[in-house]
There are 2 protein chains.
Amino acid sequence: MKLTEAEWAVMNVVWERRSAVAREVLEAVEGRTGWAYTTVKTVMSRLVDKGALKGRKRGNTVVFEPLISREQARRSAVRSLLDRAFDGAFGSFVQHMLTQEKLSSKDRLELERMLAELEPRPPRSRKEASR
Amino acid sequence: MKLTEAEWAVMNVVWERRSAVAREVLEAVEGRTGWAYTTVKTVMSRLVDKGALKGRKRGNTVVFEPLISREQARRSAVRSLLDRAFDGAFGSFVQHMLTQEKLSSKDRLELERMLAELEPRPPRSRKEASR
DNA sequence: GACTTGCTGCTACAAGTGTGGTAGTTACTG
DNA sequence: CAGTAACTACCACACTTGTAGCAGCAAGTC
């Protein structure tokens, strides 16, 4: 599932709240984007068309919920970046991250912590069931 | 500098050879893409327009060379991914990489190695505790 | 010098994307 | 119940992206 920039902005809001109506999404992104209400609606319709959202009519309005998980979308975004920009090679990607991107030491610590945590034996995160 | 998928394919070839004419690019990507010669030309023209390539006429043909570095392009691609899909937060990105992407243990080792190599925590002399 | 071949600069055109307007419809408010 | 506010579905339109055709010009061939 490939999402456009605008679609990410919308999906991020819906994922965060687990479900949302158009106006909520608008309010959440308005500051950054300056979109009109109808713009949000259009983007959301397209997301329904492409199977990323499902809308359920409740009275007058439509409540949207995600049909794809954030992790799923993230995976394919990462995959796609790796393929087009890093020859699909994880190694060159990591190399890039560590040498080219300016990581704050906080970032680096985070990275370490996670590695360490993962190191002894892949500990399942406590939040297990996520397809 | 934001590149499209087709543009990445072309730029990758040019970066690899440091310079290339259209036909070389075509030959390099033909297998994967099945593009026509003119398709390559069009993409390359657009790359010139947006300042990613410069073309220098040599006799009949045009030799292209990159105006932007691969690292530069990669940086902005990574940045863009982080922003749209990970709230711009490096932390959640790393978390994703470690929990969601299937890293081979080789990948993980690589990640560790580089991290260690870059480690700011200096086991160096404690005299210069600055960077 | 006339031909052939390959390269170039335009032009095209459909699908995807960003952005939003309109009009009809539902539901609250007095 | 009439008026207003809020929603929805549909339409519009410019710009980008993928993909390529065409016609003219340069260069090697006999």
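None of the values given here were measured: they were computed from a predicted structure. The figures here come from the full heavy-atom set of this structure, side chains too, leaving out hydrogens, waters and symmetry mates. To find a chain, count down the sequence lines: A is the first, B the second, and so on, and within it residues start at 1.
Looking only at distances, no side-chain donor or acceptor of B/Glu27 sits under 3.5 Å from a matching main-chain atom of B/Glu24.
Rounded to a whole Å, the NZ atom of B/Lys57 is 14 Å from the C1' atom of D/dA27. Atom CD in A/Glu5 sits about 14 Å away from atom C1' in D/dT16, given to the nearest Å. Between the CE atom of A/Met44 and the C1' atom of D/dT8 there is a distance of 13 Å, rounded to whole Å. Rounding to whole angstrom units, NZ of residue A/Lys2 and P of D/dT17 are separated by 12 Å. Between the CZ atom of B/Arg46 and the C1' atom of D/dC15 there is a distance of 11 Å, given to the nearest Å. Atoms CG (A/Leu53) and P (D/dT8) sit 13 Å apart, rounded to a whole Å.
An OP1 or OP2 oxygen of D/dA9 is reached within less than 4.0 angstrom by a side-chain nitrogen or oxygen of A/Lys41. Taking 4.0 angstrom as the limit, B/Tyr37 places none of its side-chain polar atoms (N or O) nearer than this to OP1 or OP2 of D/dG21.
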Stepwise side-chain contact (heavy atoms from CB on, under 4.5 Å) check, A/Phe93 with A/Val78: CA-CA 10 Å; A/Phe93 176 65; A/Val78 168; 5.6 Å; no
Apply side-chain contact (heavy atoms from CB on, under 4.5 Å) to B/Arg56 and B/Phe64, showing your working. CA-CA 6 Å; B/Arg56 192 195 313 286; B/Phe64 295 90; over 6 Å; no
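Within 4.0 Å of A/Glu7, counting heavy atoms only, lies no atom of the nucleic acid at all. At a threshold of 4.0 angstrom between heavy atoms, the contacts of B/Val62 are confined to the sugar-phosphate backbone, with no base atom among them. Using a 4.0 Å heavy-atom cutoff across all strands shown, B/Thr39 reaches at least one base atom of the nucleic acid. Looking at heavy-atom distances under 4.0 Å, A/Arg23 makes contact with sugar-phosphate atoms alone, never a base.
Comparing A/Val40 and A/Asn60, the nucleotide of DNA chain C nearest to each residue sits closer to the 5' end for A/Val40. Positionally, the nearest nucleotide of DNA chain D for A/Thr38 lies more toward the 5' end than for the other of B/Thr42 and A/Thr38. Between B/Ala36 and A/Val63, the one whose closest nucleotide on DNA chain D sits nearer the 5' end is A/Val63.
Atoms CG and CG, from B/Leu67 and B/Leu47 in turn, are 10.0 Å apart once rounded to the nearest 0.5 Å. The distance from atom CZ of A/Arg23 to atom CD of A/Glu30, rounded to the nearest 0.5 Å, is 8.0 Å. Rounded to the nearest 0.5 Å, atoms NZ (A/Lys2) and OG (A/Ser80) are 4.0 Å apart.
No N or O donor and acceptor, one from the side chain of A/Arg58 and one from the base of D/dT8, sit under 3.5 Å apart.
Using a 4.0 Å cut-off between charged nitrogen and carboxylate oxygen, B/Arg46 and B/Glu7 do not count as a salt-bridge pair. Look at B/Arg70 and B/Glu16 and you find a salt bridge, because one of the NZ, NE, NH1 or NH2 atoms lies within 4.0 Å of a carboxylate O, short of that distance. Ion pairing between B/Arg32 and A/Asp87 fails under the 4.0 Å rule for side-chain N and carboxylate O.
The span of DNA chain C lying next to chain A, judged by atoms under 4.0 Å from heavy atoms, is bounded 5' to 3' by C/dT17 to C/dA27.
Between its opening and closing five pairs, the helix from C/dG1-D/dC30 to C/dG30-D/dC1 changes axis direction by 10°, a value rounded to 10 degrees.
In the model, A/Asn12 has no side-chain atom that pairs as donor or acceptor with a side-chain atom of B/Arg84 under 3.5 Å.
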